[in-house]
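Scroll down for the structure; my scribbles are underneath it.
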Amino acid sequence: MSNHLPRKKARVSRLDDDETSMKSRLLNPLQKQREQLPIARGREALIREIQQNDTTILLGETGSGKTTRAFVSHHATAFAPHDSTLSTEVPQYILESGIAGKGMIAVTQPRRVAATSLAARVAAEKNVTVGGLVGYSVRFDEASSSETRIKYVSDGMLVRELLSDQLLSRYSVIIVDEAHERTLRTDFLIANLKTIQSARNSRRDVNGKGKSPASALNPLKLIIMSATLDAEKFSRFYNNARILYVKGRQHPVQIFHTSTSQTDYVDAALRTFFQIHTDKPPGDVLIFLPGQEDIESLEKSIKMYARRLPEERMSVLVCPMYAALPPTQQARIFSSTPSNTRKCILATNIAETSITIPGIKYVIDTGKCKEKRYLSKDTGGGFDTLLTRDITKSSAMQRAGRAGREGPGFCFRLYTEDAFNAMALSAEPEIRRCSLTQSVLQLKCLGQDFEAVDFMDPPEIGSVMSALKTLWLLGALDNSKTLTALGRQMASFPVEPYFARIILASKTHGCTSEVIDIVSILSSSSSLFLDISDQRDAIADARSKFRHASGDHMTMLNALRAYQEIAASESKGARKDWCRQHFVNERTFVEAMKIRDQLRQTCQRVGIDRHASMADNEEPVLRCFVTGLVQQSAFLQPDGTYKQTLGHSVIKIHPGSTLCDKKVPAIIYDELVYTSQIYARDVSSVPKSFFSNVTPVAKEA
DNA sequence: GAGCACTGC
């Protein structure tokens, strides 16, 4: 195996040492560092290419190859992701060259932390403060001004901007970074940017060279930045755009595969870890596992065997890492490793893209991950699945690269080289496996039909149909699939359409204050109630203080009210203690309160009184939830399971719910996920009588 | 009887 890059030589330019035209000038240390980067040598060529082409595909090459014979199995060439050099350098080159004219340069990112930290780094390199020449804009946080020329934005933020300015006319250059991740929002932008570019750039031709500038639109340049693998596809989509290939900066990583396939990857990881620990020089180990359950089990085994090691050996420090872990425990992975100790980090793919852990020299890759995927009705589903599956080649390369951030490293893959070769090139784009309800609604607001849009990968038609049906059931679309006034209002709320519908229903029922409190918790990225498997009894006990007989929604409201009382009277430390004692995630409360502010503002704009309250009467609140959760309801059957009211699946209440084992006649729930069974999560009990006439338009099964 | 990771005027 030598190179996965499926490139056609003719259209690919390599930016190499032949271009070295940096002028010497007074530099701050960061600027000096900039000039030594490999990409700096191709700067002039890069600028020329971008100048000459409307769209440029920029490929971050990934690592220098070093082939070594493995002692247990086959050998392989190292690959690794490009570091963030391209993301910080290219916007600066464009600004310095004047390509952007008077317009702004936008750089989109799939994650908000990336947008804010890249902006901070570029501002530091340019010796300016963030929010001036260089700024960012993400949800809840913005630093930009009239002087801002380079703006790092989350992809969702640019989608929001698109809804108010359909031509994105403030920007003369838009850089779509991390395009290979193919998030739903990135694909949404890639499709719309193609149309916008053709509208803006063709009018330039009509108006001609400098004539009638008042009516001319500023042309739009696009740069799509991606890690190797699917550059050709981006190029084809943008009318065979030029692909430029930029060499990366990465230490070599030796990759080992197993000679036979492993049946128990947790056990294989355990054995491989101790092999490294006994045979290899110091350096921390990162093990990629699919989820919390495997992480907890491996943590136990490693600790057990580590205790049996001879005294004189290096000791082992095990650090679990996954998104649901409380922040205090997450922080442990960044603390420096004590002397004579080897740190062993057990992580989900949170460590693949979202966080970079220092000091990693060895990576153990189980080759597995969990993936959420919507299983459509016509394939026997109608719910999300969350199942363990094989990773992709891109993912395997990304994981290996984590060993080569600071020096040469090693990656031990717990699968054969044949298994690697059989992996899919990259993950299926989100647009083909996620709910499209919100995107369909957003496009309706732009006057477009999802079916008619030229996407790089078109969604499954069944997926579009089910989104249309949901929007119709919620009253966002009428019988002729036309956007209703209600639908337009729903789109103005930065939450899932069914949550927006619940908020709008609260106007009728006079309980907006309570509904917004609950919806803001439900829309937070992390869950409110912690789940630590060996403390589940203590957790259930602590939670009983908030328990509301109707179920999880009102229980969350009670928890939020209790937290606010503590927050109003106690110190920050006491607040944290209280959260720890009650096994609630304070981060969720903090995020929920930011979301609540946004929802309150939106209510004000669309004329809903956000103060309207029914105090402790839960009935109107539950009626609002029934309105938005029409499709997410089920009735009890004689055998104790539940059957969907609009669907045929048999479901169970998740064991984490306050209603588990309660056998109430009818339930509503926020989501349905198939893991070992089909579980309903965040469940409330409602009278069956609530289900008649819940929506203004729809009444069919 | 138990949840991969992100995001949003």
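Throughout, protein chains are lettered first and strands after them, A, B, ... in sequence-line order, and every chain is numbered starting at 1.
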Send over the distance from A:Asn349 CG to B:dC6 P, rounded to a whole Å.
-> 9 Å
Assign A:Phe493 to base, sugar-phosphate, or nothing according to its heavy-atom contacts below 4.0 angstrom with the strands shown.
-> nothing
Tell me what A:Tyr322 touches on the nucleic acid: a base, only sugar-phosphate, or nothing, going by heavy atoms under 4.0 Å.
-> sugar-phosphate
How would you label the contact of A:Glu671 with the nucleic acid (heavy atoms, under 4.0 Å): base, sugar-phosphate, or nothing?
-> base
What's the verdict on side-chain hydrogen bond (donor to acceptor under 3.5 Å, both in side chains) for A:Ser226 and A:Glu178, showing C-alpha distance, side-chain angles and the deciding distance?
-> CA-CA 5 Å; A:Ser226 170; A:Glu178 311 283 5; over 6 Å; no
Do A:His180 and A:Phe234 have their ring centres less than 6.0 Å from each other?
-> no
First encountered from the 5' end of DNA chain B, between A:Lys652 and A:Val138 = A:Lys652
Counting any heavy atom closer than 4.0 Å, what does A:Glu371 reach on the DNA or RNA strands: base, sugar-phosphate only, or nothing?
-> nothing
For A:Thr348 and A:Asp531, take the nucleotide of DNA chain B holding the closest heavy atom to each; which residue's nucleotide lies nearer the 5' end?
-> A:Asp531
Nearest-Å distance for atom pair CZ/C1', residues A:Arg587 and B:dC6 = 13 Å
Contact class for A:Thr675 (heavy atom, under 4.0 Å): base, sugar-phosphate, or nothing?
-> sugar-phosphate
Nearest-nucleotide pick for A:Ala323, side chain only, options being B:dA5, B:dA2, B:dT7 | B:dA5
Atom of A:Ser87, atom of A:Leu118 and distance for their closest heavy-atom approach = CB-CD1, 3.9 Å
Residues within residues 105-112 of chain A bordering DNA chain B, heavy-atom distance below 4.0 Å | A:Pro110, A:Arg111, A:Arg112
Taking the six-membered ring for Trp and the full ring for Phe, Tyr or His, determine whether the centres of A:Phe450 and A:Phe455 are under 6.0 Å apart.
-> yes
Quick note, A:Ile350 side chain, CB onward, closest among B:dT7, B:dA2, B:dC6 is B:dC6
Side chain of A:Ser525: nearest nucleotide among B:dA5, B:dT7, B:dA2?
-> B:dT7
With side-chain hydrogen bond (donor to acceptor under 3.5 Å, both in side chains) as the test, would you mind laying out the steps for A:Tyr415 and A:Asp365 before giving the verdict?
-> CA-CA 8 Å; A:Tyr415 43 90; A:Asp365 176 14; 2.7 Å; yes
Mind checking A:Thr183 for me? I need base, sugar-phosphate or nothing, with any heavy atom below 4.0 Å counting as a touch.
-> nothing
For atom NZ of A:Lys372 and atom C1' of B:dT7, their distance in whole Å | 13 Å
Identified side chain to side chain donor-acceptor pair (under 3.5 Å) partner of A:Lys368 from the options A:Asn349, A:Asp390, A:Thr388 = A:Asp390
State whether A:Glu460 and A:Arg433 are salt-bridged, where the test is any N-O pair (Lys NZ or Arg NE/NH1/NH2 against Asp/Glu carboxylate O) under 4.0 Å.
-> no
